Amino acid sequence: MKRIQNFINGRFVDGTGDLFENRFPATGEVQSLVSAAGEQDVDAAVSAAKRALRGPWARLSVQERIALLRKVADGINARFDEFLRAEIMDTGKPVSIASHIDIPRGAANFNVFADQIASVATEAFEMATPDGAGALNYAIRMPRGVIGVVCPWNLPLLLMTWKVAPALACGNTVVVKPSEETPATATLLGEVMNEAGIPEGVYNVVHGFGGGSTGEFLSSHPDVDAITFTGETTTGEAIMAAASRGVRPVSLELGGKNPGIVFDDADIDITIEGLGRSCFANTGQVCLGTERLYVQRGIFDQVAEKLAARARTYAYGDPFDQKTTMGPLISEEHRRKVLSYYEKAKAGGAEILAGGGVPSIQGYEGGSWVEPTVWTGLPEDSPVVRDEIFGPCTHITPFDDEEEAIQLANNSPYGLATSIWTTNLSRGHRVAGQIDAGITWVNCWFLRDLRTAFGGSKRSGIGREGGVHSLEFYTELRNVCVKL
Ligand code: NAD
Ligand code: 6OD
């Protein structure tokens, strides 16, 4: 059986931890064994990353680093089909999604941050001094050092490179801990790094689990200078606690329970198309997805009916078949969690407008499938409306006016993303300014310009990444004051 190894100091090596199984979510079959990194392997990876900070990598000019980043992007594209297959086998996501989103974005991240680092400036201040000669202050931008990158499973290559690319652009070195569910593409990227000529120790990958395992060994390692994390809010709290030892910076991109707001002047076709994606894309396993939907009363029935109809259109089956539009959830464990909310909705008296169960798919009985689901009728304090479920499901509630919509949308401990659907752009702009969320889309969803600030409010995270904001996190500004 295929074995997935750690990538430390430019070499593929077994870890001292146990082997663990990696399953194909569409069938539940074990497809590979992964060699977990123990504490000493994590230490070896961090030491390699630390050494690399003083090696050839540190002596490269920004232009040389940019050239290497572009080679990595080209290397991913040159092996596009291998990355595609690896991502689909790990996640079960349909080829139609992975080939349009995950793999191209994985490559694009390296080009985007190569562009960013080429044009970033720092600040300078002239100051007066009593002798009249003055002084000049200017900032220099230094890499932070070894960055620990802890990743989730929902968009594995996309979200990992979203952090690795700017970290490398800024001259850092990285130790990546991919999710235990999705070890393959981070490992394959090690081959591309070697082919591109990235010096050994600059990019390292350690496999394993979270608390009490590889993730914790990495986040609590004293030679990790900063930690960037995407995942659940409670894990973010553990990472932040670990980072507090040694006063290390963290960037946390965490969970959400994102609202969508549909006003009665919305273009219904555009709205249903957008909501179909925001509620069900990637089997609802997108942190930005819409699990709470608020619809103005006059068009409530129309929107509810059309979204439910949309939920019934998805085609399940072989993820490698272009006709498949809905994949399985990531794992049986995650399916148990999602189905527990399907049960809570039923028990709470929800009206089930679509789905609510498990589809039967010939040949894929062992996979972790669920039906896209639309509910209405639950109170706002139901766990179905409060908790992040991370499945292909949404609950719809009517509202009467703008003020009520804003109040309902903000009634959540999370604040990651919102979508507002209206043809009145003044209203879209006005409401966007009153929603507690890091990201608001008006008449669209997941439309990404990678230069924009990305991150959450409230319990959805700390800090912003994207464009120059990533460069802020992955560098430290140091001021130089020259007396003239
Ligand atoms: P998770 O928090 O369970 O795991 C994420 C990573 O953290 C994994 O690699 C895991 O092994 C590791 N980990 C777990 N416990 C750890 C610990 N104590 N110390 C160190 N590492 C630890 O998240 P997940 O289930 O992989 O991903 C789904 C979650 O991610 C959802 O909540 C989703 O909203 C969130 N997410 C957020 C964003 C965002 O940009 N805000 C993007 C994608 C996913
Ligand atoms: O598009 C991105 O850059 C990004 N960070 C997306 C996050 C998606 C969450 O599941």
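As the structure is a computational prediction, the values presented were derived from the model and not from experiment. First listed ligand is number 1; within each ligand, the first listed atom is number 1. In this chain, numbering begins with 1 at the start of the sequence shown.
The two residues Glu291 and Ile389 make their nearest non-hydrogen contact at OE1-N, 2.9 Å. Taking both residues in full, the closest heavy atoms of Asn204 and Ala48 are given as OD1-CB, 4.0 Å, listed atom of the first, atom of the second, then distance. Closest non-hydrogen pair, Asp102 versus Lys93, comes out as OD2-NZ, 2.6 Å. For the residue pair Ala37 and Val206, the shortest heavy atom distance occurs at CB-CB, 3.7 Å.
In this structure, a donor-acceptor pair under 3.5 Å is present between the side chains of Thr397 and Glu380.
Taking every heavy atom of Asn154 and a limit of under 4.0 angstrom, the matching atoms of ligand 2 come to 9 (C), 10 (O). Within ligand 2, the atoms closer than 4.0 Å to a non-hydrogen atom of Phe446 are 1 (O), 6 (C), numbered from 1 in the order shown. When each atom of ligand 1 is checked for a heavy atom of Val150 under 4.0 Å away, the hits are 6 (C), 7 (O), 9 (O), 12 (C), 21 (N). Applying the 4.0 Å criterion to heavy atoms of Ile239 picks out, from ligand 1, the atoms 20 (C), 21 (N). Shown in contact with Pro178 at under 4.0 Å from a heavy atom are these atoms of ligand 1, numbered in order with element: 9 (O). Of all the atoms in ligand 2, the ones that sit under 4.0 Å from a non-hydrogen atom of Phe454 are 4 (C), 5 (N), 6 (C), 7 (C). Residue contact check: Gly255 has heavy atoms under 4.0 Å from atoms 32 (O), 34 (O) of ligand 1. Taking every heavy atom of Thr230 and a limit of under 4.0 angstrom, the matching atoms of ligand 1 come to 5 (C), 36 (N), 37 (C), 38 (C), 39 (C), 40 (O), 42 (C), 43 (C), 44 (C). Taking a cut-off of under 4.0 Å to the non-hydrogen atoms of Thr235, the atoms of ligand 1 that pass are 1 (P), 2 (O), 3 (O), 7 (O), 13 (N), 14 (C), 15 (N), 16 (C), 22 (C). Close approach of ligand 2 to Trp162 (heavy-atom distance below 4.0 Å) involves ligand atoms 3 (O), 5 (N). Atoms of ligand 1 found under 4.0 Å from any heavy atom of Gly211, numbered from 1 in the order shown, are 15 (N), 16 (C), 17 (C), 18 (N). Atoms of ligand 1 lying under 4.0 Å from any heavy atom of Ser179, numbered from 1 in the order shown and given with element: 9 (O). Contact atoms of ligand 2 toward Leu159: 4 (C), 5 (N), 6 (C), 7 (C) (distance under 4.0 Å to a heavy atom of the residue). Near Val286, the atoms of ligand 2 lying under 4.0 angstrom from a non-hydrogen atom of the residue are 10 (O).
The one candidate from Val174, Val176, Val150 that meets the side-chain contact (heavy atoms from CB on, under 4.5 Å) condition with Met160 is Val176. For the side-chain contact (heavy atoms from CB on, under 4.5 Å) with Lys163, the qualifying choice from Leu168, Ile147, Thr228 is Thr228, the only one to do so.
Salt bridge status for Arg51 with Glu200: absent, with no side-chain N to carboxylate O gap under 4.0 Å. Contact check on Asp14 versus Arg3 returns a salt bridge, with a Lys/Arg side-chain nitrogen under 4.0 Å from an Asp/Glu carboxylate oxygen. A salt bridge between Arg335 and Glu332 is present, with a side-chain N of the basic residue lying under 4.0 Å from a carboxylate O of the acidic one. Between Asp225 and Arg144 no salt bridge is recorded (no basic side-chain N to carboxylate O distance below 4.0 Å). The pair Glu21-Arg23 meets the salt-bridge criterion, since a charged nitrogen lies less than 4.0 angstrom from a carboxylate oxygen.
Within a 4.0 Å radius of atom 4 (O) of ligand 1, the protein contributes no heavy atom.
Under a 3.5 Å cut-off, the side chain of Asn410 and the backbone N or O of Gln407 do not form any donor-acceptor pair. Asn6 contributes no side-chain N or O that, together with a main-chain N or O of Ile8, makes up a donor-acceptor pair within less than 3.5 Å. In terms of modelled atom types and a separation under 3.5 Å, the side chain of Lys177 and the main chain of Gly208 share a donor-acceptor contact.
Residue-level proximity to ligand 1 for Asn154 is carried by the side chain, the only part with a heavy atom below 4.0 angstrom. The residue Glu181 has no part lying near ligand 1, judged by heavy-atom distances below 4.0 Å. Contacts of Leu159 with ligand 1, taken as heavy-atom pairs under 4.0 Å, involve the side chain alone. With a 4.0 Å heavy-atom cut-off, ligand 1 is reached by the side chain of Leu416 but not by its N, CA, C or O. Looking at Ala242 against ligand 1, nothing comes within 4.0 Å, counting heavy atoms. Residue-level proximity to ligand 1 for Phe390 is carried by the side chain, the only part with a heavy atom below 4.0 angstrom.
Scanning the protein for heavy atoms near atom 39 (C) of ligand 1, the closest one is Cys287 SG, 3.3 Å. The single protein non-hydrogen atom nearest to atom 37 (C) of ligand 1 is Leu254 O, 3.1 Å, given as residue, atom name and distance. Summary of contacts: the protein heavy atom closest to atom 26 (O) of ligand 1 is Trp153 CD1, 3.0 Å. Closest protein heavy atom to atom 8 (C) of ligand 1: Cys151 O, 3.2 Å. For atom 32 (O) of ligand 1, the closest heavy atom belonging to the protein is Glu388 OE1, 2.6 Å. Of all protein heavy atoms, the one closest to atom 21 (N) of ligand 1 is Gly215 CA, 3.5 Å. The protein heavy-atom contact nearest to atom 27 (O) of ligand 1 is Pro152 CB, 3.4 Å. The single protein non-hydrogen atom nearest to atom 22 (C) of ligand 1 is Gly210 CA, 3.4 Å, given as residue, atom name and distance.
Within the structure, the closest approach of Arg105 to ligand 2 falls below 4.0 Å when heavy atoms are considered. Put simply, no part of Gly455 is less than 4.0 Å from ligand 1, judged by heavy atoms.
Put simply, the side chain of Phe446 reaches to within 4.5 Å of the side chain of Val286, judged on heavy atoms.
By the 3.5 Å distance cut-off applied to N or O atoms, Cys287 is counted among the residues near ligand 2. In terms of polar-atom proximity, Thr233 is not counted as a contact of ligand 1, lacking any N or O under 3.5 Å from an N or O of the ligand. Considering backbone and side-chain atoms alike, Lys177 places an N or O below 3.5 Å from some N or O of ligand 1. Polar contact with ligand 1: absent for Phe454 (N/O pair, distance under 3.5 Å).
A cation-pi arrangement is absent between Arg292 and Tyr414 under the rule of less than 6.0 angstrom and at most 45 degrees off the ring axis.
Here the CD atom belonging to Gln285 is positioned 14.0 Å from the CZ atom belonging to Phe280, to the nearest 0.5 angstrom.
Aromatic ring pairs are classed by plane angle as parallel below 30°, tilted from 30° to 60° and perpendicular above 60°; the pair Phe390 and Trp153 is perpendicular. The aromatic rings of Tyr342 and Trp375 sit perpendicular, their planes meeting at an angle over 60°, well past the 30° parallel limit.
Among Glu180, Glu232, Glu253, the residue whose heavy atom lies nearest to atom 10 (C) of ligand 1 is Glu180. Of the candidates Arg448, Glu465, Glu253, it is Arg448 that places a heavy atom closest to atom 1 (O) of ligand 2.
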For this session: Starting from the C-alpha separation in whole Å, work towards a yes-or-no answer on ring pair (Phe, Tyr, Trp, His ring centres under 6.0 Å) for Tyr364 and Tyr316.
Result: CA-CA 9 Å; Tyr364 292 89; Tyr316 314 93; over 10 Å; no
